Structure formats: structure tokens, C-alpha cells
Amino acid sequence: MNEEKKSLNFIEQIIEEDLAKGLSKDKLRFRFPPEPNGYLHIGHAASICLNFGLGLKYNAPVNLRFDDTNPAKEEQEYVDSIKHDVQWLGFKWDKELYSSDYFQQLFDWAVMLIKEGKAYVDNQTSEQMAIQKGTPTEAGTDSPNRNRTVEENLDLFFKMKNGEFDEGSHVLRAKIDMAHTNMHMRDPIMYRILKKHHHRTGNDWCIYPMYDWTHGESDYIEQVSHSICTLEFKSHRDLYDWYVNQVYDENLLRPKQREFARRNLSYTVMSKRKLLQLVQEGIVAGWDDPRMPTISGLRRRGYTPESIRNFSEVAGIAKRDNVTDVALLEYCVRDHLNKTAPRVMAVLDPVKLIITNYPEGKDEWLTAENNQEDESAGFREVPFSREIYIEKEDFKEEANKKFFRLSIGKEVRLKNAYIIKAENCVKDENGEITEIYCTYDKDSRSGSGTEASKRRVKGTLHWVSIKHAETAEVRVYDRLFTHEAPDTFKDKNFKEFLNPNSLNIINAYVEPSLKSAKVLDRFQFQRLGYFCVDQDSSKDKLIFNRTVPLRDSWAKMNK
RNA sequence: UGACCCAUGGUGUAAUGGUAGCACUCCGGUUUUUGGUACCGUCAGUCAAGGUUCGAGUCCUUGUGGGUCAACCA
């Protein structure tokens with residue numbers, strides 16, 4: 001076997017260069033740093049797969065670190081969901097950590113900066129500070145409080161910490177350069193007063209560190225070698241480095257921030273704010289609604305961790321803005337489910353078919369292969385009888401040569417059963433076909449080995465025996481938005497592109513073996529698609545979600 | 001009228017100065033008791049103009065286009 005040499009992505013190249021320049025391989029360490037203010041989505045999966053993938057590739061530890069510096073937005077519910085999602089994707093973190101673990105260290109370092117004259121307390125309004133900040137094209141001006149004495153700053157900062165000031169009245173700022181071309185370097189805020197309960201530190205603190213002050217220092221504390229984030233943080237890198245430099249000890253490793261482009265998916269939105277809006281406004285049933293691009297939504301929809309990992313792998317990473325075609329994700333899940341999902345028969349849009357020459361009252365249990373792609377999947381028995389359901393669209397009274405399905409006078413194979421021929425049909429007053437009458441070739445049973453069973457007929461239909469069928473609710477999903485990039489318009493709200501038909505609930509008939517299906521079990525409903533048992537399913541009511549339909553070249557032909 | 005980042009088929013990515021490749025999509029075909037799968041094939045790309053070089057997708061310059069940055073968010 002000659003393995004193709006896999007090309008490295010640009011992050012791996014940076015790591016290889018660092019290694020070549022002398023960085024010891026055992027110093028490699030990564031982290032995945034979610035803020036627990038929402039559920040993870042498929043874009044986060046790219047970051048998870050990248051960071052944990054690097055950990056696997058270099059045999060390096062990867063921490064799960066919650067970036068929990070804003071108690072106003074963060075909740076335990078989100079922490080739990082994030083942990084569940086990362087585990088479900090199949091990754092193991094080295095340590096579960098929280099930025100809030102470092103609040104004391106961060107505070108001590110802030111005191112140190114004040115003593116060194118590198119930080120000061122400002123008690124102007126945010127409006128005043130915003131004006132002084134300047135604009136991207138104009139330099140800012142110094143705050144009148146910029147040159148307070150160290151003693152004064154220390155006194156004010158401790159009063160902030162002790163809760164003696166109101167929220168919003170005072171902040172601690174780094175003293176850098178109000179004329180810097182990088183706005184983030186214009187005396188950024190390090191601490192603000194927030195008299196809020198924190199999900200981990202409770203009421204211990206009423207001042208909370210800002211992201212920039214926290215993130216780099218946390219990486220440094222954990223000795224993360226490569227701190228990988230998305231592109232919008234590129235301009236934060238100067239600040240990240242400045243902050244790390246304030247506390248850097250040359251015997252320790254200096255973490256390095258590098259940025260990649262976030263992964264966008266067509267026909268959906270990927271911002272937590274917008275996803276939260278869909279949830280809060282009841283447009284979807286929750287963060288785990290199967291139409292959502294969240295990990296929990298995809299899981300409930302029937303996606304496998306393998307398929308999501310593979311998607312991240314084949315989509316790759318780079319630095320340019322992108323909108324990846326959702327067809328690639330769908331390809332990945334079909335590819336995996338094709339190899340792993342047991343085949344069963346279900347009829348979603350039934351019409352009754354009667355086999356006139358089949359004995360009334362007779363039952364037969366026929367042997368069916370569970371998965372022809374997997375020999376170890378074995379066989380099961382499916383019941384057959386005189387009256388069955390088939391799909392309405394599998395019958396036409398008259399049809400041309402291209403139509404391989406059932407029509408009057410023509411033969412088709414019933415999957416795992418017999419060859420039948422349509423004789424006539426009955427219609428209601430609207431011309432809708434209500435019953436189809438057929439005869440069967442009793443020597444043609446699948447697998448019986450007879451000459452008749454080996455006859456070739458062009459079409460094969462799936463079916464369920466009416467007498468034995470279980471009923472099930474099937475939730476058929478379509479894309480949530482009608483535009484491939486619904487949130488790229490300046491003058492239009494993304495919700496204008498919501499697809500009114502993104503959910504279609506159907507009552508279907510399924511073969512009885514499905515009675516024992518468990519939540520999250522995945523199946524291929526033969527000739528239809530992949531389906532997964534929903535968590536709303538119960539002993540009394542089976543509920544399936546359609547993960548993705550099978551490719552359908554017949555439907556394409558008819559377009 | 002600033003700083004920084006980016007630009008390869010429809011989409012996503014490779015090629016690290018030496019034959020522009022892979023995957024998805026689309027289209028066509030073979031096989032098939034799933035119009036699925038598998039297999040084969042077709043169409044299709046280096047933003048532009050200069051420069052360096054024997055040789056440029058790659059390096060340089062200037063344009064053009066897109067993105068990011070002015071939260072007490074992360």
C-alpha cells in the first residue's frame with residue numbers, strides 16, 4: 001500500500017515550522033475555548049476537529065476551557081451541552097478548565113500592572129471613552145485619568161473589587177497607546193464591574209476580566225503552544241501578545257495565536273446570536289431542533305459523529321471566507337449511513353394494493369437482508385400478506401418506458417418478496433387512485449432459487465403488509481432557509497428567507513420490526529432515505545426524523 | 001478615505017519557484033432485487049496589469065474585488 005502523502009493545512013505547517021525551529025514536540029498543547037453562552041454548531045465542529053485532531057496527530061493534550069468571563073450571558077446549561085457535544089463527537093479532553101479558575105491570578109497580575117504604571121482606573125462614561133477612542137482612521141486622545149498615581153489607581157481598583165462602586169462607573173484600562181493604528185491597542189478595558197452571580201464563582205467577584213486580558217493569560221497559564229481561533233480575532237493578536245509579554249517568563253513557553261476562517265454552511269446561519277433568536281422566537285423548537293445547524297440538532301436529525309468529523313476533514317481549513325455547500329455535509333452522512341444503517345421498509349404516502357390471487361388470511365414471513373453493504377448485518381423476517389401498501393408515486397395507470405415502476409399490465413418486483421403484475425385500479429370521485437389490483441407470480445419469491453425468482457424485472461418497490469404494519473409519525477425536514485447565504489444582505493433580515501416548508505409531518509406505515517427501535521437508532525427506509533428515531537418517540541407512538549433523502553436520479557430526470 | 005487579512009473550476013480545498021490535483025455538485029454511461037451503493041467518464045479554475053526568473057498560482061509592485069477592526073461581548 002503506498003499511502004498518498006497528505007498535504008498539511010496551514011496550521012499544521014506552522015506547527016511543523018515551529019518544531020523544525022527547535023520547539024520540543026512534548027511542548028505541544030492545544031485547547032478548545034467555547035464561551036458557555038449557547039449551543040455548539042457545525043462551525044464549532046471545525047474548530048473542535050482541528051484542535052482535537054492536532055492533539056491526536058501530535059499526541060498532545062487538548063484542554064476544554066470554558067471562556068466564562070461574562071456572568072451576564074453564561075449558564076450551566078450551556079456548559080453541559082458543550083461537554084456532551086464534544087464527547088459525542090468522539091473527543092477526549094485532557095483537562096476541563098474554566099477561565100474563571102484564573103480570576104485570582106488575573107487580579108494579582110492586574111495589580112502588578114498598576115504598580116508598574118501600565119494600567120489605570122478610568123471613571124468616565126462609556127460614551128466619553130468611545131469618543132476618545134478615535135476611529136479606525138483617526139487617532140484617539142488620552143483619557144484625563146490616564147496619569148493617575150499608582151497609589152490612586154490601587155485604591156480605586158481595590159474599591160472596584162470590594163463592591164464600593166456601581167456597575168458601569170469604573171473600569172481598569174491597560175495603558176498602551178491611544179494613537180495606535182490597531183484600535184484594540186488604544187488603552188483597552190481589562191476589568192469592568194458586574195454585580196452578577198457567576199455560574200462557578202458565585203458572588204466572589206463583582207469585577208470581571210475582559211476577553212483579551214483573560215484569553216492570552218489563560219493560554220499562558222496552561223502553556224498552550226498554539227492558540228487557534230477564528231479570523232475576526234486577527235486584530236486582537238497585538239493585544240494578546242502585549243498582555244502575555246507583561247507576565248512572560250522566558251523559561252516558559254509563549255503561546256502563539258493563529259487564526260483560520262470560520263466555516264459557513266449554505267442555506268443556514270451560523271451566528272450564535274441568530275440561532276438564539278430562532279430559538280427564542282419559537283421559529284424552531286429549540287437548540288436541538290433537527291433543522292438547526294447545531295451539533296445537538298444534527299445529532300437529533302440522525303447525523304453520526306463520524307460523518308461530521310469526516311465533513312470537517314474534507315472541507316479543510318484555510319483563511320478565506322467561505323460558504324461550504326451543505327451538499328457536502330449531506331454526502332458525508334449518506335456515505336457513512338450507507339455503510340452502517342440497517343435497511344427497513346416504510347411507506348410514507350400509501351396506496352392500498354391487493355394481490356387477488358394470494359390466499360386470503362395467509363401470512364408469510366420473508367427473509368430480508370439488513371444491509372447489503374455490510375455482510376455482518378445479517379437478516380430479518382418481514383411479514384407479507386394479500387393486502388399491502390406501496391407509495392402512491394410508485395404506480396401510474398399508464399406510463400412510458402422510462403417509468404420502471406408499476407403500471408397496468410406491467411410487472412415489478414416487491415423487494416424481498418414476489419413479482420407482481422398490475423391488473424386494474426379503483427379511483428374515487430376526484431380521480432385519485434384508492435386501490436390497485438394485482439396478481440403475483442407465486443414461484444417468484446425472492447431467494448427461492450426458482451427460475452421465476454431469477455427473472456429480471458426493471459423495477460423493485462418497497463412495501464409494507466397492511467395487516468402487520470406499525471404506524472409512525474415521520475418528520476420530513478427541508479433546509480431552514482431558501483437562500484444559500486441568508487444573512488449576507490445589508491438591507492434584508494435573514495428571517496425573510498425562512499423556508500415555510502422546512503418541516504412536514506407525515507403519518508406513515510412501517511414494517512413491524514421497527515416497533516422495538518430505540519431513540520437515535522438510524523435506518524435506511526429503502527428507496528427513500530435515512531431516518532432516525534426522535535427523542536419524542538415513545539412505546540405508543542413511533543416518531544422518525546428524516547436525516548437526509550437518498551439521492552434520487554428519477555426525481556432529477558423529471559425536473 | 002487608516003491598519004490588517006484574503007483572492008485557484010459552481011462549491012470547498014491542494015500544489016511551499018518546476019506537468020494546476022483531489023473531493024462535492026452538475027451532466028453522461030456500466031452494474032444493480034434500492035432509479036440507492038459501487039465503478040467509469042465529460043464539462044469546468046490560478047482576479048487584472050506590470051516586474052524578477054531559464055521557468056511564477058507561488059516572489060515583488062500597482063490596481064481591482066471581498067472581509068475584519070471604533071461592545072464595560074467573546
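Both backbone and side-chain heavy atoms feed into the values below; hydrogens, waters and symmetry mates do not. A, B, ... follow the sequence lines: proteins, then strands. Residue 1 opens every chain. The structure presented is a predicted model; accordingly, all values stated were derived computationally and were not measured.
Counting any heavy atom pair closer than 4.0 Å across all strands shown, A:Thr324 reaches sugar-phosphate atoms only and no base atom. Contact annotation for A:Gln124: base contact, defined as any heavy-atom pair under 4.0 Å involving a base atom. Across all strands shown, A:Val171 has heavy atoms under 4.0 Å from base atoms, whether or not it also approaches the sugar-phosphate. Residue-level contact check: A:Tyr208 touches neither bases nor backbone, having no heavy atom under 4.0 Å from any strand. As judged by a 4.0 angstrom heavy-atom cut-off over every strand, A:Asn182 is placed among residues making no nucleic acid contact. Residue contacts shown for A:Met210 are limited to sugar-phosphate atoms, with no base heavy atom under 4.0 Å away. At a threshold of 4.0 angstrom between heavy atoms, the contacts of A:Phe311 with the nucleic acid are absent. Residue-level contact check: A:Glu259 touches neither bases nor backbone, having no heavy atom under 4.0 Å from any strand.
The aromatic ring centroids of A:His483 and A:Phe489 lie less than 6.0 Å from each other. Here the two rings, on A:His215 and A:Tyr211, have centers that are under 6.0 Å apart. Taking the six-membered ring for Trp and the full ring otherwise, A:Tyr418 and A:Tyr440 have centroids separated by under 6.0 Å. A:Trp554 has its ring centre no less than 6.0 Å from the ring centre of A:Phe404. Here A:Tyr530 and A:Phe523 keep their ring centres 6.0 angstrom or further from each other.
Taking 4.0 angstrom as the limit, A:Ser553 places a side-chain polar atom (N or O) nearer than this to OP1 or OP2 of B:G36. Between A:Arg186 and B:A70 there is no side-chain polar atom (N or O) within less than 4.0 angstrom of OP1 or OP2. For B:U33, neither phosphate oxygen OP1 nor OP2 lies less than 4.0 angstrom from any side-chain nitrogen or oxygen of A:Lys415. Under 4.0 angstrom from either OP1 or OP2 of B:C24 there lies at least one side-chain N or O belonging to A:Tyr331. An OP1 or OP2 oxygen of B:U13 is reached within less than 4.0 angstrom by a side-chain nitrogen or oxygen of A:Arg320. Phosphate proximity of B:A74 to A:Thr69: present, with a side-chain N or O under 4.0 Å from OP1 or OP2. Between A:Arg192 and B:A74 there is a side-chain polar atom (N or O) within less than 4.0 angstrom of OP1 or OP2. Taking only side-chain nitrogens and oxygens, A:Lys402 never comes nearer than 4.0 Å to OP1 or OP2 of B:G35.
Relative to the six-membered ring of A:Trp205, A:Lys161 meets both conditions, a distance below 6.0 Å and an angle of at most 45° to the axis.
For a distance-only test at 3.5 Å, the side chain of A:Arg405 qualifies as a donor-acceptor partner of the base of B:G35. One N or O donor and one acceptor, one from the side chain of A:Glu373 and one from the base of B:G36, sit under 3.5 Å apart. Residue A:Arg343 places a side-chain atom within donor-acceptor reach of the base of B:U34, judged by atom type and a 3.5 Å distance cut-off alone. Donor-acceptor pairing under 3.5 Å, judged by distance alone, is absent between the side chain of A:His184 and the base of B:A3. Residue side chain A:Ser446 reaches the base of B:U33 through a donor-acceptor N/O pair under 3.5 Å, judged by distance alone.
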Using the rule given for side chain to side chain donor-acceptor pair (under 3.5 Å), can you reason through A:Asp67 versus A:Ser99, listing the C-alpha separation, both sets of side-chain angles and the distance that settles it, and then say yes or no? CA-CA 5 Å; A:Asp67 227 331; A:Ser99 294; 3.1 Å; yes

Before giving the answer on side chain to side chain donor-acceptor pair (under 3.5 Å), spell out for A:Arg522 and A:Thr340 the whole-Å C-alpha distance, their side-chain angles and the decisive distance to 0.1 Å. CA-CA 9 Å; A:Arg522 306 177 185 96; A:Thr340 55; over 6 Å; no

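Contacts with RNA chain B (heavy atom under 4.0 Å) in residues 523-531 of chain A: A:Gln524, A:Gln526, A:Arg527, listed by number.
You'll find that the side chain of A:Ala327 is closest to B:U25, out of B:U25, B:G36, B:U13. Side-chain atoms of A:Asp325 lie closest to B:U11 of the nucleotides B:C27, B:C69, B:U11.
When rounded to the nearest whole Å, the span between CZ of A:Arg263 and P of B:U11 equals 14 Å.
Stems are defined here as 3 or more consecutive Watson-Crick or G-U wobble pairs with pairing distances under 3.5 Å; those involving RNA chain B are B:2-7 with B:64-69, B:10-13 with B:21-24, B:27-30 with B:38-41, B:47-51 with B:59-63.
Using the six-membered ring where Trp is involved, A:Phe157 and A:Phe107 have ring planes that are parallel, under 30° apart on the 30 and 60° scheme.
Donor-acceptor pairing under 3.5 Å is recorded for the side chains of A:Glu259 and A:Gln257. Looking only at atom types and distance, the side chain of A:Arg148 has a donor-acceptor partner in the side chain of A:Asn123 under 3.5 Å away.
Aromatic stacking of A:Tyr211 on B:A74: not satisfied for centres closer than 5.5 Å together with planes under 30 degrees.
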